Amino acid sequence: MDAAGYPKMQGGGASSSSSSSASCRAADAAVWDAVQQQKRQRCQGSSSNDQVGLSTENNSFQAPEPELQNSDCVEDEEEDYYLYDEDDVCYDDDGDYEFDETDFNQQLADKFDGLDLPPGVEATVPWLQKKDIADGPSTFKSMAELDADITKKYEFFKQFDVVENFSDHHYADKPVGKTGKDWTKRIQYDWKLLEKDLPASIYVRVSENRMDLLRAVIIGPQGTPYHDGLFFFDAQFTSTYPSTPPVVYYHSGGLRLNPNLYACGKVCLSLLGTWSGSGCEKWNSAHSTMLQVLVSIQALVLNENPYFNEPGYETYANSATGQKSAMDYNDTTFQYSCRTMLYSLRRSPQHFDALVAGHFRHRGHAILAACKYYMEGHKVGSVVPNEDEEDAKQQDDTDAGGSGSSSSGAKPQPEKPDLCKGRAASFKTNMAVLFEELLMEFNVKGADTKKFCDEKLKKNQQAAAAAR
């Protein structure tokens, strides 16, 4: 066999007769045609689905051991083996090899399912990009186009909408039981209220096939330790609704970030009958609605000082001890809120993927800025200055430092009223870890993280220079 992979000619080289050479070439051609014919027949009969392209069973990019079909063709089979594998390729009617690029790219992309790669990586590897089916099987979207799609879906995400079903709903496996027309009419009435009067920071999806199921997300209010977080709730209208309130489950991720929201998902609220109450605090079948439940959770549960939601603790609201405990509770709550953000980013509840991606793309920069602001000693929930104000302050401090270098009478800067005193040292340590995780997730999702990435790079360079 020569270097090009063709069978060596047997015989006496230059002294061989032309008839002998022609005979050998004819014999080789006959063997080659027979082998190709066998391959075409085997390929056409190997799959009942007539699938053309690379075998989905061979993802190792290594050819299997060759199958010896005929002792007369052993040498030719071994040579073909390194170029083509008969189980992995097929030939058309003319004997030409058909390559299915769509199937090949899909196999490669499947290997990277579930991985979050930094921006720029996907753009350089075609089979990691999303296909635009409308433009044809070989057209891929650029990162800019993907970003535009996410933004568009987020901007057009309805506050209220009807979906087909919820496969991951907490009550999906719990049948509602026998219901009547009055039950249906009342739920439709609740739907109309939600569609008309939902606050801007609450989004709801209801099921067309299961009218008893509802899912809502509440955006944490500004000025609270829940700001910019997404908090998901699953609700079910029981067969006795509205005589009895709906049952509600909180997607906690195993974290208890409020006295009223348990790690097991229980929502403790008088309106739901899960806590004692009186008067308008309790469910009223004639007037209470699902809209009232959601607004109550947003206003009464996700508030500025959730520590005092614990029964009996409100009596300490005006004491120094109570304020210190409330501050410590807010510190822990914000850390849990950040972990909840990561939980939502990595595992978005069904039908809310577009909202989660768009929300954190839009608010990611502000969340990271708040994290840094709190790590500097400011109270959780306090107003974070915008970057223009921060840059102006840093410039003023620099100017004041320069002019004060020749004078020892420079007045000390007054302490800001929202600085925390006696904060646990673990807060800054824990927040530094959460900050890095959020930075990575927001960066992958396309949020504006340039400032923080540049700061991190500069810090790493300084540390490397100091270590030399």
Side-chain angles (χ1 to χ4, degrees), residues 199-201 218-231 255-261 297-310 313-314 316-342 359-360 362-397 412-439 442 447-449 451-452 455:
S201 54
I218 300 176
I219 301 176
Q222 297 298 313
T224 73
Y226 307 101
H227 70 82
D228 295 309
L230 296 179
F231 305 95
L255 304 172
R256 187 178 183 183
L257 42 62
N258 189 286
N260 299 78
L261 303 176
I297 294 175
Q298 181 187 49
L300 302 178
V301 177
L302 304 177
N303 59 33
E304 182 179 359
N305 288 306
Y307 174 78
F308 299 118
N309 285 14
E310 193 70 44
Y313 285 16
E314 67 275 5
Y316 303 101
N318 296 323
S319 66
T321 302
Q323 290 298 319
K324 176 62 170 59
S325 298
M327 185 195 74
D328 292 341
Y329 194 92
N330 280 3
D331 286 351
T332 302
T333 295
F334 183 72
Q335 294 174 55
Y336 285 172
S337 181
C338 289
R339 291 174 62 182
T340 302
M341 295 179 194
L342 293 169
H359 173 78
F360 287 116
H362 177 64
R363 295 299 301 169
H365 186 94
I367 294 170
L368 293 173
C371 290
K372 293 200 67 175
Y373 192 66
Y374 301 154
M375 284 190 287
E376 292 171 357
H378 301 274
K379 290 183 179 179
V380 167
S382 57
V383 178
V384 180
N386 59 46
E387 293 179 1
D388 293 338
E389 293 176 351
E390 279 291 295
D391 293 340
K393 176 185 177 299
Q394 292 177 1
Q395 185 61 41
D396 291 343
D397 292 342
Q413 294 292 327
E415 183 178 328
K416 289 192 175 183
D418 63 345
L419 289 176
C420 297
K421 295 180 179 179
R423 169 177 274 167
S426 60
F427 174 80
K428 187 173 182 178
T429 303
N430 294 338
M431 282 306 306
V433 175
L434 288 168
F435 179 88
E436 291 298 323
E437 292 191 60
L438 289 170
L439 176 60
F442 292 162
D448 177 15
T449 60
K451 174 185 176 182
F452 306 105
E455 291 176 351

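Since the model is a prediction, treat every value here as computed from it, not as a measurement.
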Rounded to the nearest 0.5 Å, the OG1 atom of Thr332 sits from the CE atom of Met327 at a distance of 10.0 Å

Exercise for review: Say whether, by atom type as modelled, one donor and one acceptor occur between the side chain of Gln323 and the main chain of Ala317 under 3.5 angstrom.
Suggested key: yes

Heavy atoms of Ser319 and Gly322 approach each other most closely as OG-N, 3.0 Å

The reported gap from CE in Met341 to CD1 in Ile367 (rounded to nearest 0.5 angstrom) is 4.0 Å

Check: Any chance the rings of Phe452 and His365 have centres within less than 6.0 Å?
Finding: yes

Between the OG atom in Ser325 and the CD atom in Glu310, the distance rounded to the nearest 0.5 Å is 12.0 Å

Are any side-chain N or O atoms of Tyr373 and backbone N or O atoms of Ser382, one a donor and one an acceptor, separated by less than 3.5 Å? no

For Phe435 and Cys371 the tightest heavy-atom approach is CD1-CB, 3.8 Å

- Task: Could you give me the CA-CA distance, side-chain angles and deciding distance for Tyr226 and Leu257, then say whether side chain to side chain contact (heavy atoms under 4.5 Å, CB included) is met?
- Result: CA-CA 9 Å; Tyr226 307 101; Leu257 42 62; 3.8 Å; yes

With Asp331 as partner, the option from Lys324, Arg423, Lys428, Lys379 fulfilling salt bridge (Lys or Arg N to Asp or Glu O under 4.0 Å) is Arg423

Checklist entry - Is Tyr336 atom OH crowded by more than 12 heavy atoms from other residues, nucleotides or ligands, each under 6.0 Å away? => result no

Query - Sub-4.5 Å side-chain heavy-atom contact between Asn303 and Phe308 - result: no

inquiry  = Could you check whether any side-chain N or O of Asn258 sits under 3.5 Å from a backbone N or O of Thr333, counting only pairs where one atom can act as donor and the other as acceptor?
reply    = no

Minimal heavy-atom distance between Ala447 and Gly364, with the atoms involved, is CB-CA, 4.2 Å

inquiry  = Donor-acceptor check, side chain of Arg339 to backbone of Leu342, threshold 3.5 angstrom: yes or no?
reply    = no

Here the gap from Asp328 atom CG to Cys420 atom SG, rounded to the nearest 0.5 Å, amounts to 9.0 Å

TODO: Using modelled atom types only, decide if a donor and an acceptor are shared between the side chain of Tyr307 and the backbone of Pro259 within a distance under 3.5 Å.
DONE: no

For this session: Show the numbers, then the answer: is there a side chain to side chain contact (heavy atoms under 4.5 Å, CB included) between Gln222 and Asp228?
Result: CA-CA 7 Å; Gln222 297 298 313; Asp228 295 309; 3.2 Å; yes

Rounding to 0.5 Å, atoms NE2 (His359) and CG (Leu230) come to a distance of 4.0 Å

Check your understanding: Checking side chain to side chain contact (heavy atoms under 4.5 Å, CB included) for the pair Met431/Cys338: CA distance, chi angles, key distance, verdict?
Key -> CA-CA 9 Å; Met431 282 306 306; Cys338 289; 4.2 Å; yes

Close side-chain approach of Pro225 to Asn305, heavy-atom, < 4.5 Å: no

**OP:** Classify the angle between the aromatic ring planes of Phe360 and Phe442 as parallel (below 30°), tilted (30 to 60°) or perpendicular (above 60°).
**Re:** parallel

Rounded to the nearest 0.5 angstrom, the CG-NE2 distance for Asp448 and His362 is 11.5 Å

message: Treating Glu436 as the side-chain partner and Ala432 as the backbone partner, does any N or O pair qualify as donor plus acceptor under 3.5 Å?
response: no

Under 3.5 Å, side chain of Asn309 to main-chain N/O of Leu302, donor-acceptor pair present?
-> no

